[in-house]
Amino acid sequence: MRLNGWDWMVLALYGLVCVAVGLAVTRRASSGRAEFFLSGRRLSWWLLGVSLVATTFSTDTPNLVTDLVRTGGVSQNWVWWAFAITGICTVFFYAKLWRRSAALTDIAFYEIRYSGKPAAFLRGFRAIYLGVFFNVMIMASVNLSATKIAGVMLGWDRRTAVLVGGAVTVVYAASSGLSGVVLTDFVQFAIAMVGAVLAAVIALRLPQVGGLSGLFHHPAVAGRLSLLPDFSDWRTAAAVFIVPLAVQWWSTWYPGAEPGGGGYVAQRMLAARNERDAMRTTLLFNVLHYGMRPWPWIVVALASLIIYPDLASIGAAFPHIDKAIVRHDLAYSAMLIYLPHGLLGLMVASLAAAYMSTISTHLNWGASYAVEDCYRRFIAPDKAERHYVTIGRIVTVFLIALACVVSLWLQHSSQAFQILLQIGAGTGLIFLLRWFWWRINAWSEIAGMVISFLVALYFQFVHTALGFAPLDTTVELVIGVAITTVGWLIVTFATPPTDRATLQAFYDRIRPMGPGWRAAVRTQPGHPGESLSAAFLCWFLGVAVIYAALFGTGYLLYGKLLPAIVCLVAAAVAAWGLFRTMPRVGFAAESQVRIARVPHPWGINRAAPLLGHAHRG
């Protein structure tokens with residue numbers, strides 16, 4: 001297929017808007033590290049929340065959803081829907097704690113919480129391990145999906161797609177810092193969401209599909225609509241529902257759904273003006289990401305089963321596509337050829353927006369680790385602020401180049417998803433407990449990281465080489481969680497705890513709730529009005545809002561009015577209870593944050609927090 005003049009006009013307008021936004025904040029981003037990586041901690045919570053949604057609204061996300069739906073039905077999405085439990089837990093237990101740390105990156109947490117050479121090693125190693133290795137794997141997966149879309153819609157080969165996409169994105173990501181990333185994210189999310197809805201509408205209007213009724217009654221689709229797995233098939237139910245809800249959400253580190261928060265989610269919490277805004281940011285992100293956004297992708301994926309019933313039909317429709325990447329996730333891109341011109345340009349722009357929003361965030365986030373937690377901490381600690389911004393821009397270019405190379409090795413979206421899940425298996429509990437239990441130390445995290453990585457390598461390369469039968473990925477995940485958890489617990493009790501002075505300083509700064517610090521430090525009363533029971537209730541209600549809204553929307557589309565009404569009413573009641581209970585979760589006194597009036601080029605939240613000595617580190 002080829003774009004016509006109208007399509008290229010839409011794409012050109014979108015590109016001009018993104019470049020203009022990036023250039024508007026380039027000068028401000030060059031002023032220092034806090035500005036380049038945290039936008040001076042002055043952006044609105046809703047803007048930060050939408051930025052997170054845009055970041056996770058990537059080209060690989062609809063491809064992954066399509067892969068899951070085509071291979072196992074709608075219920076397969078529980079492998080990522082389960083992470084909503086993690087996300088809401090972060091909202092009500094960890095968002096305010098991250099903001100109290102006042103760190104520049106979440107990796108800086110290690111030398112606030114732990115002490116000595118193990119803490120310094122952990123900070124430097126994790127900066128490279130996450131900022132480069134994990135980050136590149138994620139961006140490579142996004143690039144892979146972009147190559148499939150570009151191959152279908154533009155006729156580009158894989159190398160052309162990754163070079164063009166990476167080059168365009170790195171221009172504004174390297175120049176404008178987090179401000180440019182967040183502001184363009186807002187524009188990109190609006191375009192991407194409109195594009196996703198239009199793709200679903202056009203798919204339903206195809207004569208082969210015949211609208212919602214025709215779609216849901218078609219023999220190729222009717223057996224794949226259940227929102228819950230078939231529990232008579234214990235193996236499948238365990239893989240897609242039981243293990244994700246019972247084990248995966250708390251045990252596995254996965255970007256964007258880290259237990260306790262981390263990565264670019266922590267970056268947005270740290271960039272918030274105060275604790276309340278940090279919580280609002282992550283709540284908005286989780287509700288939009290899990291509760292409201294999946295259905296346009298699912299509708300397109302289901303419709304693709306009618307248009308392209310198998311891989312052979314996809315390959316026959318696009319003979320120029322590299323056969324190595326013709327997988328079920330390609331079906332989403334294949335459905336987009338039916339859009340009329342004009343809308344086709346908008347759809348390409350929406351997919352470009354989804355791609356750029358994700359890549360730009362990962363570039364800025366990864367560069368913040370490499371510069372703040374490795375280069376500045378260990379190599380050049382006393383340079384001028386503008387020097388670190390320059391290094392950050394150089395690292396940004398390096399990261400996108402490496403991601404482009406790795407993306408040429410991957411073949412389908414779920415491949416990277418499973419690799420990342422297995423590598424992080426068993427480490428999640430450490431990230432949950434380290435805020436509330438004094439006995440966790442740097443060696444706990446080092447052990448968890450090393451053991452989980454070795455277990456992942458074993459299952460990926462050694463297990464079958466030794467002659468053993470391949471295991472299901474679910475079994476591998478559970479075994480990895482068990483081995484890693486036992487391993488890091490043994491190491492924790494076999495190594496000395498963090499020194500008392502560091503523990504006391506951390507406790508005094510963060511003031512975590514619960515009894516987990518009483519044996520090690522001089523505890524003090526918590527912040528006035530802070531309630532542990534209210535946090536647990538908000539966690540339950542937040543999860544109820546998401547799943548009730550998700551199910552209610554699905555049943556409404558399916559034409560099942562009664563269960564739709566029940567679920568949507570339950571979502572509304574849970575939302576009412578949530579907003580009534582949220583004030584009792586508690587925050588540090590607002591007087592702890594002095595607000596300076598700082599002009600912002602976009603007029604967004606001109607208040608910027610000045611945190612004094614707490615801002616350093």
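Just the heavy atoms: all of them, side chains too, but no hydrogens, waters or symmetry mates, feed the values below.
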Margin query: Please determine whether the number of non-hydrogen atoms from other residues, nucleotides or ligands lying under 6.0 Å from atom CZ of Phe540 exceeds 12.
Written below: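 No.
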Whether [X] and [Y] hold their rings parallel, tilted or perpendicular, with breakpoints at 30° and 60°:
X	Y	result
Phe125	Phe121	parallel
Phe536	Trp539	tilted
His289	Phe285	parallel
Phe241	Phe231	perpendicular
His362	Tyr264	perpendicular
Phe436	Phe93	perpendicular

Item checked: Within-4.5 Å side-chain heavy-atom neighbours: Phe83 and Gln248 ->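 Yes, close enough: below the 4.5 Å cut-off.
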Next item on the list: For residues Trp435 and Phe506, determine if any side-chain heavy atom of one lies less than 4.5 Å from a side-chain heavy atom of the other.
Entry: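 Of all side-chain heavy-atom pairs linking Phe506 with Trp435, at least one is under 4.5 Å.
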Check: Thr464: what forms a side-chain hydrogen bond (donor to acceptor under 3.5 Å, both in side chains) with it, not counting sequence neighbours?
Finding: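 side-chain hydrogen bond (donor to acceptor under 3.5 Å, both in side chains) list for Thr464, sorted by chain: empty.
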Next item on the list: Only counting residues at least two apart or in another chain, list the ones meeting side-chain hydrogen bond (donor to acceptor under 3.5 Å, both in side chains) with Ser51.
Entry: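 Scan of Ser51 (side-chain hydrogen bond (donor to acceptor under 3.5 Å, both in side chains), adjacent residues dropped) gives Asp185, Arg268.
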Margin query: Show me the pairs that pass salt bridge (charged side-chain N to carboxylate O under 4.0 Å, His left out) and involve residues 480-496, at least two apart or across chains.
Written below: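 Counting only pairs at least two positions apart or across chains, no salt bridge (charged side-chain N to carboxylate O under 4.0 Å, His left out) contact touches residues 480-496.
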Item checked: salt bridge (charged side-chain N to carboxylate O under 4.0 Å, His left out): pairs with one or both residues in residues 232-261, sequence neighbours excluded ->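 For residues 232-261, and leaving out neighbouring residues, the salt bridge (charged side-chain N to carboxylate O under 4.0 Å, His left out) pairs sorted by first residue read Arg235-Asp472.
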Checklist line | Backbone N/O of Ala301 and side chain of Arg70: donor-acceptor pair under 3.5 Å | finding: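 Such a contact is absent between Arg70 side chain and Ala301 backbone.
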Check: Taking Tyr94 for the side chain and Leu432 for the main chain, is one N or O donor matched with an acceptor at less than 3.5 Å?
Finding: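 Checked: pair present.
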Notebook entry, point to check: Quick one: CG on Asp310 to NE2 on His328, what's the gap to the nearest 0.5 Å?
Noted result: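 Output value for this atom pair is 8.0 Å.
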Item checked: Nearest-0.5 Å distance that lies between atom CZ in Arg439 and atom CG in Leu489 ->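 Reported to 0.5 Å precision, the distance equals 11.0 Å.
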Check: Residues in ring pair (Phe, Tyr, Trp, His ring centres under 6.0 Å) with Trp250, at least two apart?
Finding: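 With neighbours one apart ignored, the set is empty.
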Checklist line | Set of residues satisfying side chain to side chain contact (heavy atoms under 4.5 Å, CB included) with respect to Thr502, sequence neighbours excluded | finding: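 Per chain and number, Thr502 pairs via side chain to side chain contact (heavy atoms under 4.5 Å, CB included) with Ser115, Thr498, Asp499.
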Item checked: Cation-aromatic face contact Arg434/Phe109, 6.0 Å, 45 degrees ->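 Here Arg434 passes the 6.0 Å and 45° test against Phe109.
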